[in-house]
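Below, each value reflects all heavy atoms present in this structure, side chains not excepted, and no hydrogens, waters or symmetry copies.
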Amino acid sequence: MKKENPTIFDRNVIEFVTVAAEFCRYLEQAEGARRADFVDTTLKMLPLLYLKATLLPPCEALGEEMPEQCVTEETYEVLRMTLAGILAERDDYLDVFVEDMKYSDQPITRYISEDLADIYQDVKNFTLVFALGLDETMHDALAICQENFRLYWGQKLVNTLRALHEVRYTQSGDEAEDDYDDDGAGY
């Protein structure tokens, strides 16, 4: 009988999987959402996703083969376009944490929709592979997701959080009246 891999069944891993799956499900079902509701919910989910990623136990890949990437280019693009439609003219922001920024005299524009789609792609690939229930594959998917968090989507997440904060708390006159009630909370 094969010994179970305790890392993939660690409480912090299970909580991360739960939050990651909920984050992906929310983005997948966002079509038609009001911008105010979408921004408010995303502002609550992203810090939780970040926190749960930081609590993951150290993990190194066991296999030499990378788990399959499940999110297709088409799925990514449909999600990105849906989110861009929700955010509309509030989708873009200036990114100051880009390595190329120190060599540029022009601001670097990023898009919340693209950043969320990038985070989604990594996290969704992880959750889909994890759902297969194969210990070694689950372990390797966790190691890859954790490494990508450190190198890639963790910084994107905090940059996007900053941009969403700006969208939520700095509205134009019309937007403030249309999207939020008097106490600043969404309808």
State yes or no: do [X] and [Y] share one hydrophobic cluster built from I, L, V, M, F, W and Y residues joined by side-chain heavy-atom distances below 4.5 Å, directly or via other members?
X: L128; Y: L134; result: no
X: V39; Y: L94; result: no
X: L132; Y: V71; result: no

| field | Step-by-step side-chain contact (heavy atoms from CB on, under 4.5 Å) determination, T7 to L142 | value | CA-CA 9 Å; T7 302; L142 177 62; 4.0 Å; yes

| query | T109 and D92: side-chain hydrogen bond (donor to acceptor under 3.5 Å, both in side chains), yes or no, with the steps? | reply | CA-CA 6 Å; T109 303; D92 63 327; 5.3 Å; no

Rounded to the nearest 0.5 Å, what's the gap from [atom1] on [X] to [atom2] on [Y]? Could you check?
X: F126; Y: I144; atom1: CZ; atom2: CD1; value: 10.5 Å
X: F38; Y: L83; atom1: CZ; atom2: CG; value: 4.5 Å
X: N12; Y: L51; atom1: CG; atom2: CG; value: 9.0 Å
X: I86; Y: M81; atom1: CD1; atom2: CE; value: 12.5 Å
X: L164; Y: K44; atom1: CG; atom2: NZ; value: 12.0 Å
X: F23; Y: L116; atom1: CZ; atom2: CG; value: 5.5 Å

Minimum side-chain heavy-atom gap [X]-[Y] below 4.5 Å:
X: D122; Y: F149; answer: no
X: E22; Y: T18; answer: no
X: D115; Y: Y93; answer: yes

| query | How far apart are the C-alpha atoms of N125 and V129, what are their side-chain angles, what is the distance that settles it, and do they pass the side-chain contact (heavy atoms from CB on, under 4.5 Å) test? | reply | CA-CA 6 Å; N125 281 331; V129 171; 5.6 Å; no

Kindly give the heavy-atom pair with the smallest separation between [X] and [Y], and that separation in Å.
X: L87; Y: R35; result: O-NH1, 2.7 Å
X: Y50; Y: V158; result: CE1-CG1, 3.8 Å
X: I119; Y: L157; result: CD1-CA, 3.6 Å
X: E60; Y: A143; result: C-CB, 3.7 Å
X: S113; Y: R80; result: CB-O, 3.5 Å
X: A21; Y: T127; result: N-CG2, 3.9 Å

| request: Examine distances only and state if a side-chain atom of D140 and a backbone atom of A61 form a donor-acceptor pair shorter than 3.5 Å. | output: no

| task | Scan for salt bridge (charged side-chain N to carboxylate O under 4.0 Å, His left out) pairs involving residues 142-151, sequence neighbours excluded, and state none if there are none. | result | E147-R150

| request: Report the relative orientation of the aromatic rings in F16 and W153; use parallel for angles under 30°, tilted for 30 to 60°, perpendicular for over 60°. | output: parallel

| field | R110, K124, K156 screened by salt bridge (Lys or Arg N to Asp or Glu O under 4.0 Å) with D118, the one that passes | value |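 Result: among R110, K124, K156, K156 is the only option passing the salt bridge (Lys or Arg N to Asp or Glu O under 4.0 Å) with D118.
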
| said: For the CD atom on E77, are there more than 12 heavy atoms of other groups (residues, nucleotides or ligands in this structure) within a distance under 6.0 Å? | reply: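 Buried by this count: over 12 neighbours within 6.0 Å.
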
| task | Step through it carefully: locate the ring centre of Y120, locate the ring centre of Y76, and say whether they are under 6.0 Å apart. | result |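 Centroid separation for Y120 and Y76: 6.0 Å or greater.
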
| R11 vs E15, side-chain contact (heavy atoms from CB on, under 4.5 Å): CA-CA, chis, key distance, verdict | CA-CA 6 Å; R11 181 176 149 231; E15 289 177 2; 3.0 Å; yes

| request: Start with the C-alpha distance between I8 and F130, add both sets of side-chain angles, then the distance that settles side-chain contact (heavy atoms from CB on, under 4.5 Å), and finish with yes or no. | output: CA-CA 9 Å; I8 59 174; F130 206 86; 4.1 Å; yes

